[in-house]
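These numbers come from the heavy atoms of this one structure, side chains and all, not from hydrogens, waters or symmetry mates. We name chains A, B, ... by the order of the sequence lines, and we start the count at 1 in each one.
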Number of protein chains: 2
Amino acid sequence: MKLTSKGRYAVMALVDLARFDNINPVSLRDISLRQGISLDYLEQIFSKLKKNEIVKSIRGTQGGYVLNKNPNDIKLTNIFHAVDEKVKTVQCKKDSKKGCNGKATKCITHNLWDELEIHINTFFENKSLKDLLNNNKETRV
Amino acid sequence: MKLTSKGRYAVMALVDLARFDNINPVSLRDISLRQGISLDYLEQIFSKLKKNEIVKSIRGTQGGYVLNKNPNDIKLTNIFHAVDEKVKTVQCKKDSKKGCNGKATKCITHNLWDELEIHINTFFENKSLKDLLNNNKETRV
DNA sequence: ACATACCTGACTAAAATGGTCAAGTTTAGA
DNA sequence: TCTAAACTTGACCATTTTAGTCAGGTATGT
Ligand code: FES
Ligand code: FES
């Protein structure tokens, strides 16, 4: 079970953004430099964050991104969902009665994987961007 | 974050094994047929389970595998560790002071990923094979 | 005008995944 | 003793996913 870089970067970038967007929009270039994430990759990520209304963009010189919601209302769940970083403990469809690889029934450990998925998602539900900012916020002069 | 088939199969196979190994060893062929897992793949998996002393093997006709411990003492942690299904929320080394990709320092979200890793591992620590057998054990006649 | 910064889509090298295949060795039972 | 069942080992491989890069755009403040 690995967390992918895409998911990790999305959260890192948003935390960075939240720390610096007091007044002005924050450019991806700045985030890229500060966090050491490829600019091109960041652009892909922010395109998705924007589609999911987590950030807003301001084009042109002095443009950049700003949060579109209160940091308290941006849960890790929302972020991960936006960038398609989903938790998958099984391969079979949830609503189908069929098991993995088109088997007729669900497997004997099926409940376990459901429990695991819930356990992990609970963590993401209960963490907001705000939680990640505590004692951490920098003020732009 | 995906759970791989290898990990899922390992647990499925062990639950199957635990249910049927009352008297005789259970052959991988039987597990393969009952659970619909490739025999060749199962062999790879059980080779690792054996190295980690979770199962014992009995060769020859009527041979197979049996548990090497009490189901209560086989945690998911042990199983996953045996088949290299590890939880990895980061790419950087735990003991090193360096960050991901050889960066000089840890990233701003580092604590979060540590927490997440612990959260998931706790689930695996607290589940044993026994827990998965409740109300489920079949008796060979 | 022009630099900055967002926007979009195609492309790709490398790694991981989920196996298969081949060639054994061991041992119970006929 | 022969044979088939079952474990053992190691190499191999197709496909998918990951983690980006690259090459173009378009919008806008100064
Ligand atoms: S995990 Fe898909 S059938 Fe149980
Ligand atoms: S996750 Fe590796 S530096 Fe934070």
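- If you check distances only, the side chain of A:Arg59 never reaches the base of C:dT4 with a donor-acceptor pair under 3.5 Å.
- With hydrogens and angles disregarded, a donor-acceptor distance shorter than 3.5 Å links the side chain of B:Asn126 to the backbone of B:Thr122.
- Here A:Ser27 does not reach the OP1 or OP2 of C:dT4: none of its side-chain N or O atoms lies under 4.0 Å away.
- Look at A:Lys51 and you won't find any side-chain N or O under 4.0 angstrom from OP1 or OP2 of C:dT8.
- Regarding A:Leu39, its CG atom lies at a distance of 13 Å from the P atom of D:dG20, rounded to whole Å.
- For the OP1/OP2 pair of D:dT18 and a distance below 4.0 Å, the side-chain nitrogens and oxygens of A:Thr4 include no atom meeting the criterion.
- The aromatic rings of A:Phe46 and A:Tyr65 sit tilted relative to each other, their planes meeting at an angle between 30° and 60°.
- Mapping A:Ile58 and B:Asn101 onto DNA chain D by nearest heavy atom places B:Asn101 at the nucleotide closer to the 5' end.
- Distance check: B:Thr77 OG1 to B:Phe123 CZ gives 10.5 Å after rounding to the nearest 0.5 Å.
- Contact annotation: A:Tyr65 side-chain N/O to C:dC7 OP1/OP2 distance is under 4.0 Å.
- A donor and an acceptor atom sit less than 3.5 Å apart, one in the side chain of B:Gln44 and one in the base of C:dT20.
- Taking atom NZ on A:Lys48 and atom P on C:dT8, their separation rounds to 13 Å, with Å as the unit.
- Regarding A:Leu28, its CG atom lies at a distance of 13 Å from the P atom of C:dT8, rounded to whole Å.
- A donor-acceptor contact shorter than 3.5 Å links the side chain of A:Lys106 to the backbone of A:Lys98.
- Not one side-chain nitrogen or oxygen of B:Ser47 sits closer than 4.0 Å to the OP1 or OP2 atom of D:dC7.
- Between the P atom of D:dG10 and the CZ atom of B:Phe46 lies a distance of 19 Å, rounded to the nearest Å.
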